[in-house]
Number of protein chains: 2
Amino acid sequence: MTLARIAGELGVSAMTVSNAYNRPDRLSGALRERIFETADRLGYNGPDPVGRSLRRQRTDVVGVLYSNPLSYAFDDPAAVSFLRGLSSVTEGADLGLLLVPAASGASGGRDPRAAAQAAVDGFVVYSMSDEEPLLTAALGRGLPTVVVDQPARQGVPFVGVDDEGAASEAAGHLLELGHEGFGVVSFALSPDGREGIADPGRQEGAAFQVSRSRLRGYRSAVEAAGLPWSGVSVFECPGSAATLGHRAAGALLSSKRRPTAILSTSDQLALGVLAAAEELGLSVPEDLSVVGFDDVSPGAVPPLTTVRQDHEEKGSLAGRMLVSLLRGEDVPEPRRLPTRLVVRGSTAPPRWPVPAS
Amino acid sequence: MTLARIAGELGVSAMTVSNAYNRPDRLSGALRERIFETADRLGYNGPDPVGRSLRRQRTDVVGVLYSNPLSYAFDDPAAVSFLRGLSSVTEGADLGLLLVPAASGASGGRDPRAAAQAAVDGFVVYSMSDEEPLLTAALGRGLPTVVVDQPARQGVPFVGVDDEGAASEAAGHLLELGHEGFGVVSFALSPDGREGIADPGRQEGAAFQVSRSRLRGYRSAVEAAGLPWSGVSVFECPGSAATLGHRAAGALLSSKRRPTAILSTSDQLALGVLAAAEELGLSVPEDLSVVGFDDVSPGAVPPLTTVRQDHEEKGSLAGRMLVSLLRGEDVPEPRRLPTRLVVRGSTAPPRWPVPAS
DNA sequence: CTGAAAGCGCTAACAT
DNA sequence: ATGTTAGCGCTTTCAG
């Protein structure tokens, strides 16, 4: 069933039928009624969305690009909150939200063709590595695009937080408590799946801007306190599952110079650290202080000291930016939302105050 | 930039350029290379998805229809798990997942036009009331459609659980413990936003199949034990937020004949019941037993006795059904996934065993 | 291995 | 208030 068939049936032009659906004011109410009746009778459901999109050159759909298999997004509380914020804005603007399927290749990167094949008016890109081909492909489409979290790029609308500042504040908190022996559990520095201690070269060369910034933040605080960064082991995990944090902490805590505090670049990893500590008979915060990042683990025991960020607001802001771009408004300035260090029960002074050096 | 422009530039036909992208075997490798080079140079990103969809009469996108504002889905742990399962299947089949925006009208119903305007090859409909216009509209499109949870309809592919049986088992557990005074906290029976005690007429006339079935299950177990259903107050909440369960339990627990056990049609509501009990100085399970439904509240205190269902598998099965429909395979039989009563710490025998009547 | 013709279903722009 | 024309960008079908 098509517009034309309905038109033929009634002896009117296709245009008139189109108008019945799109421009009620451009035809008489009576005719409009007759058209709807006929449509109903013949089982016509209104203008075909694809034909309409082709003609109008818009789809009224926003594409979401995710750096991992889509289903992981629904495992990550931060991503879920983000999507909540984003979807409430897009739905408010009557835009669909298309979760773009990008099968992961052997190298772990996501298939860049996915971006080319998505029938959308714009993209929201969630947390990708600097050179992710999928991101390049999306940007190549020339559609309005907002990048969230990473990578921040000149001229590309962006929403994120001040990762470096927030990380520095987190480390500063531990320093103030008197800690001097630190370990860091970080999620991926690069998408190559490496797991283990990352030397400063790898830290600085990280392909994930957020990882790089948080490490820099930790480092600047540590060095500002007069402690050498070389004394801090950074354990890189190839993802952010709690089990990875568990392994990482296992390694850090069984090293010769066991840290009295562990900084973790995500709450999920921190949860793993907590588990590892318990397994080793270390109590938190007495024997070990732990700081997370994100504040998405309300149920942690003990309650996690962490950096709070508003993931929902991030999604909502990204959505508002994209909507304004779709309306043809000016390219919005990059935005960094505030974070806040939330001190809870997982941090305390080290058990034996270390003598000042 | 279009196919034709690239073709013109190289002096080949549009068809050949199309083949370069879609049928590599149908042209020489050398020509293919030249085409890609030119495309690159001119900033052509491959065939336009909309033009292609119009011609091929498929979009490679699956639409998700939700009975509430989309953003609510990301608040509901059951829906999130469901989407995880669904997205992993659709992504595996290289299909996009479109969250269809259906602005809610004044009556609370969702705009049925949304279904007509979605450029998709099929729908997954998540948990709707019997006569939801949005569902009718979707079915009217004549596209492959799988309904999840409700409403089960003749001839429409369906995935759900045996709500009645599961509810009956939940009530049976309490009866075995010796309870005789029950209250029920239910989510909506109809989409009219009513809050308060629902009489048996309203219970049987409920527009939500799942609510109806669960109530029937509770009822059959209670009556099988020789107790009158008229003695059981059913409090209907206009949603399933914990605060609603809180209010409902407040009402039930302050009635003259305070129940010793509360059956709740969702975990979220049960969480509210727990909160209300605490507020009233009743301890669970000593003074009050509470049973949930869904098993999505791992952090509850005390741990919730509940009916477990595998939401992720539900999504994955719905996805597999839809994919098989899209492949033109036969309409799959309706499926009811198993549930399991998980007894935890929120249920116990009533404090003072009630004398047998 | 390459191409010509046709048309998927719709609506903007311009008549009348 | 209604109609005509044209074409959005692509790929199926059929021919070479």
Side-chain angles (χ1 to χ4, degrees), chain A residues 1-36 38-39 42-61 113 116-121 140-143 328, chain B residues 1-36 38-39 42-61 113 115-121 140-143:
Chain A
M1 263 308 141
T2 70
L3 260 192
R5 302 265 288 276
I6 306 295
E9 185 80 12
L10 279 134
V12 300
S13 81
M15 209 41 241
T16 300
V17 180
S18 172
N19 283 333
Y21 288 94
N22 300 310
R23 302 271 183 67
D25 49 311
R26 268 145 116 89
L27 75 177
S28 67
L31 178 51
R32 192 163 120 102
E33 266 324 300
R34 270 175 58 220
I35 288 174
F36 287 160
T38 314
L42 301 189
Y44 177 70
N45 295 287
D48 177 274
V50 178
R52 160 188 254 250
S53 289
L54 180 60
R55 178 64 241 223
R56 308 179 53 188
Q57 297 290 87
R58 41 186 267 243
T59 59
D60 292 327
V61 172
R113 280 172 306 180
Q117 299 182 355
V120 298
D121 294 339
R141 288 272 301 264
L143 300 174
Chain B
M1 262 308 139
T2 71
L3 261 193
R5 302 265 289 275
I6 306 293
E9 184 80 12
L10 278 134
V12 300
S13 81
M15 214 34 247
T16 300
V17 179
S18 172
N19 283 333
Y21 287 94
N22 299 311
R23 303 272 181 71
D25 50 311
R26 265 141 116 88
L27 74 175
S28 66
L31 179 52
R32 193 162 121 99
E33 265 324 301
R34 267 176 59 219
I35 289 175
F36 286 161
T38 315
L42 302 189
Y44 178 69
N45 295 287
D48 177 274
V50 178
R52 158 187 255 251
S53 288
L54 179 60
R55 178 63 241 223
R56 308 179 55 184
Q57 296 291 89
R58 43 187 263 248
T59 60
D60 293 327
V61 172
R113 279 172 307 178
Q117 299 182 357
V120 299
D121 295 338
R141 286 274 300 264
L143 299 175

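In what follows, every chain begins at residue 1, and chains take the letters A, B, ... in the order their sequences are listed.
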Task: Annotated protein contacts, base or backbone, on nucleotides 6-16 of chain D with a non-hydrogen cut-off under 4.0 Å, one of B, S, - each - done: BBBBBBB----

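- Separating the CD1 atom of A:Ile35 from the C1' atom of D:dT2 is a distance of 10 Å, rounded to the nearest angstrom.
- Between D:dT2 and A:Ser28, a contact under 4.0 Å exists linking OP1 or OP2 to a side-chain N or O.
- Within the model, atoms CG of A:Asp121 and OG of A:Ser53 stand 7.5 Å from one another, a figure rounded to the nearest 0.5 Å.
- Taking each heavy atom of A:Phe36 and A:Ala20 in turn, the nearest pair found is CZ-O, 3.5 Å.
- Between the CZ atom of B:Arg34 and the P atom of C:dC1 there is a distance of 15 Å, given to the nearest Å.
- The CG atom of A:Asn45 sits 11 Å away from the P atom of C:dC10 (whole-angstrom rounding).
- Contact annotation: the side chain of A:Val12 never approaches that of A:Leu27 to less than 4.5 Å [non-hydrogen atoms, C-beta and beyond].
- In this structure, A:Pro49 and B:Arg141 have side chains that are in contact, with non-hydrogen atoms separated by less than 4.5 Å.
- In the displayed structure, B:Arg113 atom CZ is contacted under 6.0 Å by at most 12 heavy atoms of other residues, nucleotides or ligands.
- No side-chain heavy atom of A:Thr38 sits under 4.5 Å from any side-chain heavy atom of A:Tyr44.
- Distances shown here put a side-chain N or O of A:Thr16 below 4.0 Å from the OP1 or OP2 atom of D:dG3.
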